[in-house]
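Atom set for the values below is all heavy atoms of this structure, side chains included, hydrogens, waters and symmetry mates excluded. Sequence lines set the chain letters: A, B, ... in the order given, protein chains first and strands last, and positions in each chain run from 1.
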Protein chains: 2
Amino acid sequence: MKRLKDIAQELGVSVATVSYVYNNKWKEKRINEKLVQKIKKKIKESNYKPNPLGLQLKTGKTQTIGIILGDLTRSFNLNILSGIEKKLAENNYFALISSSNLGEKEIQHIETFLERKIEGLIISPQKSENYEKLVKIFEKSKIPVVFVDNYLSDKNIDFVVSDNKWGSFKATEYLIKKGKRKIAYIGSEKNLSALNERFDGYCECLKKYGFKIDERLIYKKIEKQEDMYEGLEDIFKKVKPDAIFVESLLYFKYGFKFFYENGIKIPDDIFLTGFDPVDLNLSEIAEVHFNLVVKGLIPFIEQRGEDIGKKAAEIILKKIKNKNKKIWKVFIKPELKNFK
Amino acid sequence: MKRLKDIAQELGVSVATVSYVYNNKWKEKRINEKLVQKIKKKIKESNYKPNPLGLQLKTGKTQTIGIILGDLTRSFNLNILSGIEKKLAENNYFALISSSNLGEKEIQHIETFLERKIEGLIISPQKSENYEKLVKIFEKSKIPVVFVDNYLSDKNIDFVVSDNKWGSFKATEYLIKKGKRKIAYIGSEKNLSALNERFDGYCECLKKYGFKIDERLIYKKIEKQEDMYEGLEDIFKKVKPDAIFVESLLYFKYGFKFFYENGIKIPDDIFLTGFDPVDLNLSEIAEVHFNLVVKGLIPFIEQRGEDIGKKAAEIILKKIKNKNKKIWKVFIKPELKNFK
DNA sequence: TTTATTTGCTCAATCGTTTAAATAAATTAT
DNA sequence: ATAATTTATTTAAACGATTGAGCAAATAAA
């Protein structure tokens, strides 16, 4: 690879001159137009690209953005990543990626990132317990940070998230319009904005249509996939719902087990909907010796991961370049799939 | 962040001295033991970490490995990535990741990687058409390269792959021992080592048990998921198999559609097995208006992605450090799941 | 003609490290 | 007492870029 120095030598000029030409600063530096052309030609011929290391050391800019997302086997996260990458690549930026599967190593990852001089950070926080610490680190580091998927309502930090409230409102409304009257809600207790707002949307919709919220239909104690079974058991023991809204259908596996064992058919006996596409690993569900009967489509709310990622990257790049103080709060409407 | 210079100033010594101490070279440099202790203490106190940019520029080492894998929504690839990351992190190395979804941008990605001064490359080639070009680039770049998933038998390039032949031999043997006599093979035509060796394993096993290979039972023209339907149709038209070995069950979706529409039950009417876990997106399969009946477990061959990734990272690191010329050719036996 | 200004380019410091070579002081050998 | 050696540390160049300041030479103004 040729260095600035090599090109300068070949043309018998100084390194500085070549640098000015390469960086389009020859006008203010009043380099002779003819020389400029000569240098430009040589630069092109030798396919010169500045050594990023020299450049980085000098400017302190690494053209690198740190990315910390949750479980990448979840396609939503992967889509976010893909969106981020595309946008960054367009702008000659790079992604340094760490998946903080359980939010446990978030802090540690960030510190390594900072050592590596990332210019910005896109993070999807997975554990609300870490929030305080995270925010402190961000404030100290002074690099732009954009949250995705979840955000902190009481802090002035940019974010790009799904319009979760809108999505669950719409889904609930859909169920109501289908004539459903006993709509159960199953979710977790994690204190994450995305999940809280899904519940809010459900409640608001019920209220709007004049239904009151029935505590017997609500189960918000899901911690691991297996709990889905218990959750349904718990609700059905108290009152038989005619529809179920699930915080995330992604891991509904054990819900189907419950349906199967109790002879509950979709959609004849119950309407099922929720966020995220159902994802069944057949080799796994087969473990429960399964007869799965599904007729027709399961409606679900699909989040636009790629758009979220793109937008987040766009914001980070803007903040790096302009250093303006505007705080972006972006909600991206998810898609309603199979709602008919 | 403190620099070497700061520490040196605070102690009234030169930068070099501190550097020698930090890098454990004070013995050969005969730095006074007491001073060494003082400096070490200060280093610890101020939590000094060398600025990677300065270090990188000086040494030319970026502590970064380029990773190019195929479709990351495929959990196998994700597992490889996860394995690589773990190993690299243990050794203070970083991963620069690019997923070359269709192998189209492989070349371009590699060139950007090289500009960024990666010290090594782990790649899972997705298109045999690119092989020649790839190999040329590698030879020119002189950085260590390790292939995963697929390899080039005629080149001397390290690789870590599943023992695909062993896996399909075992699976075929399993079917034979279950009394199956008409075992179909469904696969693609891509010229990739992993896929070729799966077919080899199938053939070898049949031969070993004294069966001859029946062309009517073999369909190797799968290009996209939908082709699975046609493939089965094609085979069943000629001769009704009692078992099917599928190159990868991951996208068997349309196979189930065929079974459903023709009233074929697993495992009563047919035995199904192959590489990779079946992955059904229920929201998608519902599109074909599905009644899926699965009784019991579907046996499948699960590749040890994480182990492959770890091993590949290990090899890369070794090659970077030792510069030895040994070529590693590692086959990792996959796991036989639900074979009973 | 002298002075001021513009033009056109080079010098040299800088970023944070590493490391060969130089140097000074202390010790040992002659 | 002088020279040679060992010990302990510093100096300075280098990696590859950027960039403010500096310096001639050419041109314009006085």
Ring centre gap for B:Phe159 and B:Phe147 strictly below 6.0 Å: no
Below 4.0 Å: OP1/OP2 of C:dT17 and any side-chain N or O of B:Tyr48: yes
With A:Asp158, the side chain to side chain donor-acceptor pair (under 3.5 Å) member among A:Lys319, A:Lys318, A:Lys329: A:Lys319
B:Lys58 vs C:dG16: side-chain N/O to OP1/OP2 distance below 4.0 Å: no
Rounded interatomic separation in angstrom, taking OH from A:Tyr22 and C1' from D:dG16: 13 Å
Interatomic distance where CG belongs to A:Leu4 and P belongs to D:dT18 [whole Å]: 6 Å
Separation of atom NZ in B:Lys38 from atom P in D:dA8, rounded to whole Å: 14 Å
Gap between atoms CG and C1', on A:Leu53 and D:dA17 respectively (whole Å): 10 Å
B:Lys25 side-chain N/O to C:dT19 phosphate OP1/OP2 under 4.0 Å: yes
Between C:dT19 (C1') and B:Arg30 (CZ): distance, integer Å: 15 Å
Phosphate contact (D:dA17 OP1 or OP2) by A:Asn51 side-chain N/O below 4.0 Å: no
N or O in side chain of B:Thr17 less than 4.0 angstrom from D:dT9 OP1/OP2: no
Rounded interatomic separation in angstrom, taking CD from B:Gln9 and C1' from C:dG16: 13 Å
Straight-line distance of A:Lys87 NZ to A:Lys310 NZ, nearest 0.5 Å: 6.5 Å
5' precedence on DNA chain C between B:Gly54 and B:Lys29 (nearest-nucleotide basis): B:Gly54
Value in whole Å for how far the P atom of D:dT18 lies from CG of A:Leu57: 12 Å
N or O in side chain of B:Asn23 less than 4.0 angstrom from C:dT18 OP1/OP2: yes
Whole-Å distance separating the NZ atom of B:Lys27 from the P atom of D:dT7: 14 Å
Selection from C:dT17, D:dT10, C:dC11 that lies nearest to any side-chain heavy atom of B:Val13: D:dT10
5' priority, DNA chain D, between B:Thr59 and B:Ala16 [closest heavy atom]: B:Ala16
Watson-Crick or G-U wobble partner of C:dA26, both distances under 3.5 Å: D:dT5
Residue A:Tyr20, side-chain atoms from C-beta onward, closest of D:dA21, C:dA12, C:dG8: D:dA21
Value rounded to 0.5 Å, distance of CD in B:Gln303 from CD1 in B:Ile308: 6.0 Å
Side-chain donor-acceptor pair present, A:Thr64, B:Arg116, cut-off under 3.5 Å: yes
